[in-house]
Amino acid sequence: QVQLVESGGGLVQTGGSLRLSCAASGRAFSRYAMGWFRQAPGKEREFVAGISWSGSSTLYADSVKGRFTISRDNAKNTVYLQMNSLKPEDTAVYYCAATSRIGLRTDTYEYDYWGQGTQVTVSS
């Protein structure tokens, strides 16, 4: 069992930055690939970024490529999402998730554990 707790969300103006954190507890964090997803009101949850267990491989949705950076610190059991050049369309609840499957995964059903989410609001 893995417990995930996100933090770092908030209100920011267009063009601003935020850094989300996801702290994990429970079974060996470094065994899991991690992902960030987001869900806007009335929309389905969508993949944002993923990172392999070692941190050597990453994957991004086209909508955030070049603006967001995912990273992890296995010694601290934490995964991060640095978000720069934020846009109003980035407004959503952001969730981190863990998967025991091999490779980077982009579908929600492929993830085993989820955090409770953190709200990110970008004002225009």
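We number each residue from 1, following the sequence as shown. Only this structure's heavy atoms are used, side chains among them; waters, hydrogens and symmetry mates stay out.
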May I ask whether M34 and V93 are part of the same hydrophobic cluster, defined by side-chain heavy atoms of I, L, V, M, F, W, Y residues being less than 4.5 angstrom apart, directly or through others? no
Could you pull out the closest heavy-atom pair between N84 and S17, with the gap in Å? OD1-OG, 2.9 Å
Shortest non-hydrogen contact between R101 and Y111, atoms and distance: NH1-N, 4.2 Å
Side chain to side chain, P88 and T14, heavy atoms closer than 4.5 Å: yes
Using only atom types and a distance under 3.5 Å, with no angle test, would you say the side chain of T99 pairs donor to acceptor with the backbone of A33? no
Minimum heavy-atom distance between V2 and A24, given as atom pair plus value: CG1-CB, 4.3 Å
So does W53 get a backbone contact from the side chain of N74, meaning a donor-acceptor N/O pair under 3.5 Å? yes
Hey, are D90 and K87 close enough for a salt bridge, meaning a charged N less than 4.0 Å from a carboxylate O? no
Pair Q13-S123, side-chain donor/acceptor within less than 3.5 Å: no
Approximate separation, where rounding is to 0.5 Å, of I70 CD1 and C96 SG: 9.0 Å
What's the separation between atom OG1 in T58 and atom CZ in R72, rounded to the nearest 0.5 Å? 12.0 Å
Does the T78 side chain pair with the main chain of K76, one donor and one acceptor, at a distance under 3.5 Å? yes
Please check: side-chain N/O of R19 versus main-chain N/O of L81, any donor-acceptor pairing under 3.5 Å? no
May I ask you to decide if Y109's main-chain N or O and D107's side chain share a donor-acceptor pair within less than 3.5 Å? no
Do F47 and Y60 have ring centres separated by under 6.0 Å? no
Value for CG (D73) from OH (Y80), rounded to nearest 0.5 Å, stands at 5.0 Å
Grouping I, L, V, M, F, W and Y whenever their side-chain heavy atoms are under 4.5 Å apart, do V122 and L20 come out in a common cluster? yes
Do V64 and V120 belong to the same hydrophobic cluster, where Ile, Leu, Val, Met, Phe, Trp and Tyr are linked whenever their side-chain heavy atoms lie under 4.5 Å apart, directly or via other members? yes
Looking at G9, is its backbone amide N or carbonyl O close enough to the side chain of T118 to form a donor-acceptor pair, meaning the two atoms are under 3.5 Å apart? yes
Main chain of S52, side chain of S57: is a donor-acceptor contact present, judged purely on distance under 3.5 Å? no
Parallel, tilted or perpendicular for F68 and Y94, by the 30°/60° rule? tilted
Quick check for you: to the nearest 0.5 Å, what is the distance between L59 atom CG and R105 atom CZ? 11.5 Å
Is there a donor-acceptor pair closer than 3.5 Å between any side-chain N or O of R67 and the backbone N or O of S85? yes
Which distance, rounded to the nearest 0.5 Å, do you find between the CD of E44 and the CZ of R38? 14.0 Å
Run the side-chain contact (heavy atoms from CB on, under 4.5 Å) check on Q1 and Y113 step by step: do they pass? CA-CA 8 Å; Q1 194 80 355; Y113 304 102; 3.6 Å; yes
Give a yes or no on whether the backbone of G117 and the side-chain of E6 come within a donor-acceptor separation of less than 3.5 Å. yes
With rounding to the nearest 0.5 Å, note down the distance linking CG in L86 to CD in E89. 10.0 Å
Do the numbers put R45 on top of the ring of Y95, so that NZ or CZ is under 6.0 Å from the six-membered ring centre and no more than 45° off the axis? yes
Over all atoms of both residues, closest heavy-atom pair of T106 and E110: N-OE1, 3.4 Å
